Amino acid sequence: MSAGDFVGRAEPLRRAGAALDPGRSGAMAIVTMTGPPGVGKTATAIQVAHRVQDRFPDGQLYVRLHGTGEHPRTPAEILGELLEATGLNPGAIPEGQEQRAALFRSRLADRRVLLILDDALDIEQVGPLLPGTPACAVVITSRRLLSALPGAVLVRLTHLSERESLDLLEATVGSRRVRQEPHAAARIAAACGHLPLALRIVGARLAAQPLARLATFAHRLQDGARRLDELRISDLDLRRSLEQSYVALDPPARTAFRRLGLLSDTDITPWTVAALAGAGDEHLADRLIEHNLLEPVGLNTILDPTYRLHPLSALYAADLARQDDPASTGAALRRYIDSLLAYAERASRQLPRAIGQLPPEGGATAGVPHGGVPIDDVARVDVRPWRWLATERDHLRDMALRCCRHGWHVRAARITEIITQLASHDDALEGLGRLCVTVRDAAWANGDQRTGWRAEHHRAMMLLRQGRVEAARRVLATCVNAFKQLQAARELPYSVAVLAAMSVMQLRAREGSRSPSTPTSSPRRTPTRTPSCSRSAPSVTRCSA
C-alpha cells in the first residue's frame with residue numbers, strides 16, 4: 001500500500017505515534033508492528049514514519065531485512081549498510097559484527113534518528129541493530145510477534161473494516177466504478193478477506209482493465225479453489241506471500257498448519273492443533289500464533305482461548321492438505337473428530353436425556369477412541385455443558401456429515417444423537433431430520449442395521465417435535481418392527497414406549513374432539529389397516545402403517 005492509497009489504521013497509527021516520543025521515558029522507544037502476510041505492515045510503518053518525522057531532525061534510516069526471503073540478511077551486512085548511511089567511508093567500516101554494532105551506536109549517540117527495520121526475521125537479527133540511545137527510536141515490522149524484545153510496544157495489525165476495504169478499492173480502481181457496482185465491490189472485499197494485499201492485487205487487475213465489470217471479477221473470486229490463483233499480478237502474489245510464512249515454520253508446525261486446512265471456517269483451540277497434528281507437542285499452536293498464522297478470537301464457553309486462520313490462509317492450508325497423503329490426513333481428521341466427540345460425550349452426560357432419546361450404544365460410543373484428550377481438559381465442559389453443546393452444535397453437525405462421507409458412520413451416529421438431544425421447537429428440525437437420514441443411509445450402506453434404525457428412531461423424534469405426529473408414528477412403527485427382528489433389547493423398549501404414548505395421546509385427542517351433544521347410538525369402529533411391507537434395508541423388513 002503506497003502513501004497515495006493508504007487507508008484506515010487510525011488506532012495503530014495513534015498507538016505507534018504515542019510510543020515514538022524520544023526521551024519520553026528515558027529509554028529508546030521501540031515499536032514492533034506485526035501481523036499476518038499481506039496485512040500492510042510495511043505501508044503502515046512508513047505512514048508512521050511520515051507522521052513523526054519532525055521529532056527526528058537528524059533523519060530516518062530505512063533498511064529491509066528480508067526476514068521472509070530465502071536468504072535473510074545478516075546483522076553484520078545490515079550494520080555495514082547503516083554505517084554507510086550515516087556518512088562513514090566504506091573503508092573505515094570494521095569487519096566484525098560486534099565492532100560494527102558498537103561503532104553504529106556511537107555514531108548515533110548524539111543524534112535523534114528514527115530507524116525503520118522492515119521485515120525482520122527474529123530478535124537475533126534485530127538485536128545488534130538497535131542504537132541504544134534514548135534520543136533515537138525504532139520501528140520494526142515482522143510477521144513474528146517478537147514479544148520477547150524488552151520495552152517494545154506491540155502494534156498488531158489485522159484485516160481492514162468493510163468501509164476501509166471499499167475505500168482502498170476506490171483508491172485503486174476508481175470511485176466511479178466502485179459506486180456503480182457497490183454490491184459487487186462488497187463481494188470482492190469479502191472474498192479478499194479485507195486483506196490489503198489481496199485488495200491491492202484486485203485493484204491493480206481491474207485498473208488494467210477499465211472496461212471490465214466488477215461483478216464478473218467478484219464471480220470469479222467466489223470459487224475458493226481458484227481464488228488464490230486470481231490474486232496475483234506481476235510481482236504481487238498472495239500465494240507466494242503465504243508460502244513465505246509457511247516455509248518459515250519448523251516441520252511439525254508446517255504439518256499442523258496443513259492439517260488445519262482440513263477444517264472449514266471454525267474456531268481453533270490449542271487442542272484442535274494438537275489433535276490434528278498428533279505429534280504430542282503442546283507448543284504447536286504457540287508457534288503458529290507467534291508467526292501470526294492464527295488470529296486471536298476470544299475465549300470460548302469453557303474459557304479456552306480460540307483462534308482462526310484468516311480466510312485466505314485457510315484456503316492456502318486447504319490446498320496444502322489436498323496435496324498430503326490421504327491416509328495421513330484421514331488419520332488426522334479422525335483424531336480431531338474423536339477429540340471433539342470426547343468433549344461432546346462429556347457434556348451430554350451432564351444433561352437430562354430428552355424424551356424418547358435412546359441410551360448411548362454400550363453406555364458411550366462403542367469402539368470410538370477419544371483422541372487422547374486429557375481427562376482434565378474434557379472435564380472442563382462440566383461447568384457449562386449445555387452452553388458448550390449449543391455453541392458447538394453447528395460444527396458438530398458439519399463433522400457428522402464429514403464422517404458420513406468418510407464412512408465413519410458410528411462416529412456420525414453418536415454425534416447426531418448428541419445434538420438431537422438438544423433439539424427444541426425453535427430449531428431447524430427439518431435439517432436435523434435430514435441429518436438423521438444421512439446417518440441412517442451411511443450405516444445401512446456399511447451393513448450396520450442397528451445404528452441405521454437408531455437414526456430412524458431419532459428422526460421420528462424430530463418429526464414429533466415438528467408436530468407431525470402421524471408421520472412420527474409411522475416411522476416409530478417401522479423402528480419397533482426392525483428392533484424386534486434385530487433383537488435390539490436396548491432400543492426396543494424406548495421405541496415401544498414412545499409409540500404407545502403417542503397412541504394414547506391420539507386416542508385422547510379423538511375422544512376430546514367429540515361433542516357431548518353428538519348422538520352415540522352406534523359407535524363407529526375405525527377399520528384396522530394391515531401394515532404393508534417393502535424391502536428398504538438389508539435383511540430388515542421396513543413396514544409402513
Side-chain angles (χ1 to χ4, degrees), residues 341 345 348 353-368 400-401 403-421 423 429-507 526-545:
L341 187 51
E345 289 273 14
S348 69
R353 188 177 302 149
I355 295 174
Q357 187 85 15
L358 296 177
E361 187 81 39
T365 305
V368 176
L401 291 171
C403 286
C404 289
R405 290 196 295 271
H406 283 79
W408 307 330
H409 69 277
V410 174
R411 292 172 172 85
R414 185 58 190 133
I415 292 172
T416 301
E417 291 182 8
I418 289 171
I419 59 179
T420 56
Q421 182 178 353
L429 296 173
E430 287 190 14
L432 289 174
R434 288 193 297 270
L435 175 61
C436 291
V437 170
T438 303
V439 172
R440 177 200 70 189
D441 292 346
W444 284 348
N446 282 277
D448 187 347
Q449 295 184 51
R450 183 193 296 262
T451 299
W453 285 108
R454 285 175 65 96
E456 268 294 82
H457 173 98
H458 288 100
R459 182 170 77 92
M461 296 299 99
M462 297 303 98
L463 291 169
L464 184 58
R465 291 179 195 181
Q466 292 177 67
R468 299 172 61 184
V469 179
E470 184 57 27
R473 190 191 68 78
R474 288 197 300 268
V475 174
L476 275 171
T478 64
C479 290
V480 168
N481 182 63
F483 287 143
K484 283 179 180 177
Q485 294 187 49
L486 292 170
Q487 299 182 349
R490 291 179 59 82
E491 292 82 8
L492 180 59
Y494 286 83
S495 288
V496 168
V498 178
L499 185 60
M502 289 175 62
S503 298
V504 171
M505 290 169 56
Q506 288 181 307
L507 179 61
T526 302
T528 303
R529 294 178 58 196
T530 303
S532 60
C533 301
S534 62
R535 277 295 206 202
S536 65
S539 75
V540 171
T541 302
R542 182 177 179 183
C543 303
S544 59

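Since this is a predicted model, take the numbers as computed values, not measurements.
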When rounded to the nearest 0.5 angstrom, what distance separates [atom1] in [X] from [atom2] in [Y]?
X: Ile419; Y: Leu435; atom1: CD1; atom2: CG; result: 5.0 Å
X: Leu432; Y: His458; atom1: CG; atom2: NE2; result: 11.5 Å
X: Cys404; Y: Asn446; atom1: SG; atom2: CG; result: 9.5 Å
X: Leu429; Y: Arg434; atom1: CG; atom2: CZ; result: 11.0 Å
X: His409; Y: Thr438; atom1: NE2; atom2: OG1; result: 14.0 Å

Distance-minimising heavy-atom pair for [X] and [Y]:
X: Ala413; Y: Thr451; value: CB-CG2, 3.4 Å
X: Ala472; Y: Ala460; value: CB-O, 3.5 Å
X: Pro493; Y: Ala488; value: CD-O, 4.5 Å
X: Arg414; Y: Ser348; value: NH2-OG, 3.7 Å
X: Gly356; Y: Met461; value: CA-SD, 3.8 Å

For the residue pair [X] and [Y], establish whether any side-chain heavy-atom pair is separated by less than 4.5 Å.
X: Arg411; Y: His406; answer: no
X: Leu358; Y: Arg490; answer: no
X: Tyr494; Y: Pro359; answer: yes
X: Ile418; Y: Leu341; answer: yes
X: Arg474; Y: Leu463; answer: no
X: Trp453; Y: Trp444; answer: yes

Margin query: Checking the side chain of Asn481 only, and the main-chain atoms of Ala477 only, is there a donor and an acceptor separated by less than 3.5 Å?
Written below: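 Between the backbone of Ala477 and the side chain of Asn481 there is no qualifying donor-acceptor contact (under 3.5 Å).
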Notebook entry, point to check: With no hydrogens and no angle check, is any side-chain donor or acceptor of Thr420 less than 3.5 Å from a backbone partner on Glu417?
Noted result: yes
Margin query: Run the side-chain contact (heavy atoms from CB on, under 4.5 Å) test on Cys436 and Arg454 for me, step by step, so that the C-alpha distance in whole Å, both residues' side-chain angles and the decisive distance to 0.1 Å come before the verdict.
Written below: CA-CA 9 Å; Cys436 291; Arg454 285 175 65 96; over 6 Å; no
Notebook entry, point to check: What residue among His457, Lys484, Glu456 forms side-chain hydrogen bond (donor to acceptor under 3.5 Å, both in side chains) with Ser495?
Noted result: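 Running side-chain hydrogen bond (donor to acceptor under 3.5 Å, both in side chains) over His457, Lys484, Glu456 with Ser495 returns exactly one hit, His457.
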Note to self: I'd like to know whether Leu464 forms a side-chain contact (heavy atoms from CB on, under 4.5 Å) with Arg468, so could you lay out the CA-CA distance, the side-chain angles of the two residues, the decisive distance to 0.1 Å, and finally the verdict.
What the structure shows: CA-CA 5 Å; Leu464 184 58; Arg468 299 172 61 184; over 6 Å; no
Next item on the list: Please lay out, stage by stage, how Glu491 and Arg450 fare under the test side-chain contact (heavy atoms from CB on, under 4.5 Å).
Entry: CA-CA 9 Å; Glu491 292 82 8; Arg450 183 193 296 262; 3.0 Å; yes
Checklist line | side-chain contact (heavy atoms from CB on, under 4.5 Å) assessment of Gln487 paired with Leu492 | finding: CA-CA 8 Å; Gln487 299 182 349; Leu492 180 59; over 6 Å; no
